Amino acid sequence: LQRAAMYEPVPADGSVPSTPEASTHVQRSHDEEGRQDMCCKGRFKTLAKMPTSIAFISGNEFCERFSYYGFRAILVIYFSRFLSWDDNQSNIMFNLFNMFNYLMSAFGGALADSPIGKYPIIVWFSVIYAAGNIVMAFTAIPGVTGTPPESWGCIIGLMLVALGTGGIKPCVSAFGGDQLDQSDKKLMRTYFALYYFIINAGSISMLITPMLRARVACFGQSECYPLAFGLPAVLMVIAILLFVAGRPRYHMVKPTRNVVVDTFKAVYLAIKLRYLRWRAGTEGGPSWLDYAAKDYGHEFVADIKVLKRLLIVFLPTPLFWTLYDQQGSRWTLQAEKMKMFGMGAIGDFQPDMMQAANTVLVLMMIPFFQRVVYPAVAACGINFTPLRRMTVGMVLCGVAFVVSGFVQLMIDDGVHMPGAAPGLSQIRFANTLTVPVNVTSSMIGALTVPQGISSYTTVSSGLINCTFTFGGAPVSLSQTAASTALYTVYLAQVAGVLQAVWSPDVFSSFAEPSNKGRLQFFNSLNETVALTSSPGDLSLTAGALSVTSFSDGEILSGDYTFRASSGAAIDMHVVGGALYTLALDENNRIQVAQDVAGNQVSVLWQLPQYAIVSAGEILFSITGLEFSYNEAPESMKAVMQAVWLMTTAFGSVIVILVAESIEFSSQATAFFVFAAMLGAVIFLFVLLAHRYVYFEQRKKIVPAPDDNSPLVSGFRPDQPLFSEATA
């Protein structure tokens, strides 16, 4: 990109070269081009042809994507933890936000292909975008929207971000394409690969914002959402400044008509005239759209025909995005129920960081596909056309969801809760005294209980009679143990008198993997004691000789210091899905027993599904972006980019409809169902792709136009865009 600075900038007055020799958007002398070609080697030769304006556009795109992906990475966790929404509600809101992002791309594309032009639209919507980021950061401050926090601030912020990012999405890539020589297909392919590389480079923020959220404490909270949302806001402001700074070097292509409005008008007129002809019993022409040619011209009608055929090809594509975009929702929620690993001084790996695996893998795979995969396929004599690449990408995405389904089965199978067989019970003892206690029982026998929390002993269900002694008068306990139940007998003394507290351990209610650990706390003192966590806001209050419940002691996985109001303290690492019993002894120390091991399946088991979906993304998404631009008529470049982006919006709509209409028996079932849905749609896409004729092929089979011919851009308005030719 630095070599591009040697080229002369294109005038920014919106002028279009008038001579055939000046048809390229970026003007260079032959001598200069020759010198550049000689000094560039290998892959840098094509990159050096990029005009200087691409550097500003690339910098803007990097900062904007850094902002967007950093913002998006923490949304589901923000919904579930800060706003206390359940998994289903968080998943639906995430996909609603995603849907509106891409629906707004139609609005942005329509304005960009109007006389307003792309540059003003990008600037205006970027300001709205930055305002949404700022609102999200401000309303994430505890207490700003009330206690507990209400969702109105989040809704306003999400709407502004959706409007802003949706408005610029179809414009930036098309605006970059406007800076290049449209006839240089190799340069165009390099640009779109570079553009996608920059998108994924910016998405490295998916590692940074979750870390800021989890590792920084602010406003009295263990997690800092204002900072995590504030960094994307800063990057969005930088993106605006970079883009505006390149203004003098941009080549502006301003349409003379509002393409979207005229398209709808032409379609309406064609339908109206065709209906009138049908009512009159008059035969129609080759295409119903040709009825609008008299008012809008053969060229514009031909462009609408191309748009129509592209829309037909894109019909099955939303299902790819239905699966792909669940990396940020279902896959993140899946990661929350997996075992994290430590990363040294920066703490535990966070579940929302796993999305960054897609970024890293795509960055690694893009040059690999460009330099190894595609040349190898070509060397085998395979015509790997864009639609074929997209088909393979869809298949890989479906395979990734099958893999995620099997990972989910591993997670579900990894939950092992303690329990007794029918007809049996299990009992353990928690001795909070400084001396051992002797226990005598007809069912247990005679044993000595040392200080601490013992393991469970299996006994027959029914009446349990125990006698406890430790040097003073013996104490008797008589309780009924239910079948399959577990119990803890807490031993303490008050004023020298031994006390035995019988307490059932209810584990069965927490038999699912979770991102949170749970604690129960026994207070052996003859006074009320409160237990609090640092960081965090856990607070458990236990009366004299009483124990709290697991449901009250829910806390996110991580490192904590637990302090009792009596002065005792202990440092602990809480594992997601684990259950712990804490007992305060008479020496004012906290004893700990881990009752349930917690999440057992490592989050690294998600790497295979991320690797497969990343390969599918390169084949489908990069190719689709390039295909929609190259095949679109000149007058509808931004509109076609908007249509391509809207396939993502419809993918999110499908997720919402499925989530609302189908109650899955398990998360694994949901993954398998989505994979099956995509598999069915792939067959339809293959049929449509098989009949599609590319623009370059159409130019070869149609004779050149003359002044009186309705031929436009190398094909007639009545020339079919679909045939039996293999795509």
Side-chain angles (χ1 to χ4, degrees), residues 1-19 21-37 39-40 44-66 108 111-113 115-127 129-130 167-184 186-199 201-202 235-255 629 634 637-638 641:
L1 290 178
Q2 290 177 343
R3 291 184 181 274
M6 299 180 67
Y7 298 132
E8 292 295 327
V10 177
D13 58 1
S15 58
V16 179
S18 57
T19 62
E21 292 79 5
S23 60
T24 177
H25 290 184
V26 183
Q27 306 302 306
R28 298 184 294 266
S29 69
H30 293 297
D31 292 340
E32 184 183 20
E33 187 173 350
R35 289 195 301 271
Q36 289 300 307
D37 287 348
C39 72
C40 299
F44 299 108
K45 184 175 180 179
T46 303
L47 191 61
K49 295 181 181 179
M50 298 286 181
T52 313
S53 56
I54 295 296
F56 291 95
I57 295 171
S58 299
N60 163 266
E61 184 65 13
F62 172 82
C63 292
E64 187 275 326
R65 290 291 89 185
F66 188 102
L111 292 177
D113 275 345
I116 298 175
K118 300 180 183 69
Y119 177 82
I121 296 303
I122 294 173
V123 174
W124 296 345
F125 279 92
S126 294
V127 173
Y129 191 162
I168 66 175
K169 273 179 185 292
C171 304
V172 177
S173 60
F175 187 69
D178 289 345
Q179 313 302 310
L180 307 176
D181 180 359
Q182 306 293 300
S183 64
D184 191 338
K186 184 177 181 181
L187 182 63
M188 293 296 291
R189 174 172 289 189
T190 302
Y191 163 70
F192 280 107
L194 173 66
Y195 180 81
Y196 211 81
F197 185 90
I198 290 169
I199 288 176
L235 265 292
M236 194 58 221
V237 173
I238 295 174
I240 296 172
L241 297 177
L242 275 174
F243 187 72
V244 173
R247 173 68 176 83
R249 298 179 180 270
Y250 296 144
H251 174 75
M252 306 294 184
V253 179
K254 289 188 177 181
Y629 185 88
E634 288 296 328
K637 295 292 187 184
Q641 293 291 289

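This structure is a prediction, so every number in the text was calculated from the model and none was measured.
Between Ile168 and Phe175, the closest side-chain pair of non-hydrogen atoms is not below 4.5 Å. Considering only heavy atoms from C-beta on, Val172 comes within 4.5 Å of Ile122 through its side chain.
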Dump the intermediate steps for side chain to side chain contact (heavy atoms under 4.5 Å, CB included) on Phe66 and Ile199, then the final yes or no. CA-CA 8 Å; Phe66 188 102; Ile199 288 176; over 6 Å; no
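Closest approach of Val237 to Ala130, counting heavy atoms only: CG2-CB, 4.4 Å. What you find for Gly176 and Ile57 is that their closest heavy atoms are CA-CD1, 3.8 Å. The shortest non-hydrogen separation linking Val244 to Tyr119 is CA-OH, 3.8 Å. Considering every non-hydrogen atom in both Arg249 and Gln179, the closest pair reads O-OE1, 4.3 Å. The shortest non-hydrogen separation linking Ala245 to Pro248 is O-CD, 3.5 Å.
The distance between the ring centers of Tyr250 and Phe243 falls below 6.0 angstrom.
Between the side chain of Asn60 and the main chain of Leu242, no donor-acceptor pair closer than 3.5 Å is present.
The structure places CG of Leu194 at 10.5 Å from CD of Glu61, a figure rounded to the nearest 0.5 Å. Here the CE-OG distance, from Met236 to Ser126, works out to 4.0 Å after rounding to the nearest 0.5 Å. Here CG of Leu241 is found 7.5 Å from CD1 of Ile238. Values are rounded to the nearest 0.5 Å. To the nearest 0.5 Å, atom OG of residue Ser53 and atom CZ of residue Arg247 are 12.0 Å apart.
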